[in-house]
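Structure first, then comments.
A, B, ... follow the sequence lines: proteins, then strands. Residue 1 opens every chain.
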Number of protein chains: 2
Amino acid sequence: MLDTPRRREIEDAASALFRERGYVATSVRDIAHALDIRGPSLYAHVTSKEDVLWAIVDRAASRFERTADRALAADADPADRLAALVAAHISVITADPGEASVFVAEWRHLSGDRRQAILERRDAYERRFRDLIADGMADGTFALTDPAVAATFLLSALNGIAGWYRPEGRLAADRIADHFVDLAVRALTEVHR
Amino acid sequence: MLDTPRRREIEDAASALFRERGYVATSVRDIAHALDIRGPSLYAHVTSKEDVLWAIVDRAASRFERTADRALAADADPADRLAALVAAHISVITADPGEASVFVAEWRHLSGDRRQAILERRDAYERRFRDLIADGMADGTFALTDPAVAATFLLSALNGIAGWYRPEGRLAADRIADHFVDLAVRALTEVHR
DNA sequence: CCTACCGATCGGTAGG
DNA sequence: CCTACCGATCGGTAGG
């Protein structure tokens with residue numbers, strides 16, 4: 001359906017609720033109530049509940065993809081590229097934790113082709129990590145590991161932020177990112193003595 | 001309710017379904033169907049759907065706690081203790097990925113006191129990681145970091161395994177654990193040149 | 001954007 | 001362990 005301001009308000013309210021309670025446990029009436037309207041009124045703006053989920057997940061996926069590509073564009077060594085990729089991923093999460101955590105945790109409630117499409121985009125996204133890790137291994141920057149295992153290790157750690165990050169929390173988003181970049185780069189980097 | 005073999009079969013079937021589809025998206029009839037009985041027959045063995053969730057989550061929590069305590073009992077240096085703790089955590093996940101992933105992902109659907117109790121046990125469990133990291137920082141084994149941040153980094157990475165691990169997968173549980181231990185210890189360890 | 005309402009499904013009970 | 005059934009709630013439609 002149309003990409004109106006109201007539509008975006010619906011998706012934002014839905015993101016927050018899906019993050020808190022999960023997609024299935026959130027009713028259409030819950031989303032409407034957050035916007036001070038009645039359940040059926042939502043259908044003037046959306047075609048179905050799953051459409052709202054899809055819009056959020058699709059937008060989050062695009063944001064992750066775009067931001068990662070920008071971060072990887074610079075022509076640096078593997079450690080710096082990894083640092084940039086990790087920081088980019090975290091910035092997407094902290095900029096909109098609702099959207100990000102729906103992408104991370106609720107995509108599996110999509111059905112059919114949409115589910116399949118997101119699965120493929122998730123895999124392609126993860127491949128950026130795998131390939132970068134393999135590059136760093138090949139040139140001796142990174143320790144010997146299984147690139148697929150190391151990539152899921154990192155992505156699980158990063159995506160965890162979507163679950164616990166609160167803008168009003170103890171640490172600012174940048175400080176969290178700094179710590180995570182250090183942890184991620186050290187996790188991969190060979191210790192030369 | 002009673003701790004009968006049938007009760008355990010119900011919890012195992014429920015774990016697998018909760019892991020696949022989530023607690024809310026799994027109906028009592030779904031669980032019954034997996035055991036080739038009708039929905040209402042389940043209530044001869046359980047008092048409520050949430051009771052089944054609680055039994056699984058409580059058992060998983062106990063297993064994580066017991067296994068971690070055993071792993072930390074040895075009197076070794078922080079790096080070895082961390083390696084033991086990480087390996088222990090992973091062994092609980094790979095021994096029963098259904099139970100573990102329900103603990104990781106579905107506990108929030110518990111209500112009231114049970115939810116509160118699990119929140120506290122999760123925090124106490126995480127504290128084992130935080131304290132160990134702080135110990136290692138104090139004696140110079142570990143790099144300077146925020147122990148709380150580093151602990152969630154590690155636990156998110158480890159818990160991610162519950163989502164993707166399959167016994168018939170490419171890598172045996174032990175090999176996954178070996179890679180994860182290396183990644184985790186390197187992530188924390190100061191690089192001395 | 002509303003009220004009125006739909007069929008389907010939910011967790012759970014009664015009573016064997 | 002079953003059938004029959006309950007009230008509540010679900011996503012969504014009709015018709016303003």
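- Contact check on A/Arg81 versus A/Asp77 returns no salt bridge, with no Lys/Arg side-chain nitrogen under 4.0 Å from an Asp/Glu carboxylate oxygen.
- With respect to A/Arg7 and A/Asp12, no salt bridge is recorded, no charged nitrogen being found less than 4.0 Å from a carboxylate O.
- Regarding B/Leu53, its CG atom lies at a distance of 12 Å from the P atom of C/dG11, rounded to whole Å.
- Between A/Asp51 and A/Arg114, at least one side-chain nitrogen of the basic residue sits less than 4.0 Å from a carboxylate oxygen of the acidic one, meeting the salt-bridge criterion.
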task: Any chance you could encode DNA chain D as dot-bracket? Rule is Watson-Crick or G-U wobble with both distances under 3.5 Å; [ ] for pairs crossing earlier ones, | for another strand.
output: ||||||||||||||||

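- In the hydrophobic clustering of this structure, B/Trp164 groups with A/Tyr125; members are Ile, Leu, Val, Met, Phe, Trp, Tyr whose side-chain heavy atoms approach within less than 4.5 Å, directly or through other members.
- Within a 6.0 Å sphere centred on CG of A/Asp113, other residues, nucleotides and ligands contribute 12 heavy atoms or fewer.
- Separating the NZ atom of B/Lys49 from the P atom of C/dT9 is a distance of 15 Å, rounded to the nearest angstrom.
- A salt bridge is absent between A/Asp3 and A/Arg8: the closest approach of a Lys/Arg side-chain nitrogen to an acidic carboxylate oxygen does not fall below 4.0 angstrom.
- The aromatic rings of B/Phe153 and A/Phe180 lie perpendicular to each other, with more than 60° between the two planes, well past the 30° mark.
- As a whole-Å value, the separation of B/Ile37 CD1 from D/dC1 C1' is 8 Å.
- Between A/Glu11 and A/Arg59 there is a salt bridge, since a side-chain N of the basic residue sits under 4.0 Å from a carboxylate O of the acidic one.
- Under a hydrophobic clustering in which Ile, Leu, Val, Met, Phe, Trp and Tyr are joined whenever their side-chain heavy atoms come within less than 4.5 Å, directly or via other members, B/Leu2 and B/Val46 fall into different clusters.
- Where B/Glu50 and A/Arg6 each meet DNA chain C at their nearest nucleotide, the meeting point lying more 5' is that of A/Arg6.
- Residues of residues 40-48 of chain B having a heavy atom closer than 4.0 Å to DNA chain C, listed by number: B/Pro40, B/Tyr43, B/Ser48.
- For A/Arg38, whose side chain is taken as the heavy atoms from C-beta onward, the closest listed nucleotide among C/dG11, C/dT3, D/dC1 is C/dT3.
- The side-chain tip of B/Arg122 points at the ring of B/Phe103 from less than 6.0 angstrom away and within 45° of straight on.
- Look at CG on A/Asp51: it is 13 Å from C1' on D/dG11, rounded to the nearest Å.
- Between A/Phe129 and A/His89, the angle of the ring planes goes over 60°, which puts this pair in the perpendicular group of the 30/60° scheme.
- For the pair A/Asp30 CG and D/dG11 C1', the computed distance is 12 Å after rounding to whole Å.
- Contacts between residues 15-29 of chain B and DNA chain C, counted as heavy-atom distances below 4.0 Å, involve B/Thr26, B/Ser27, B/Val28, B/Arg29.
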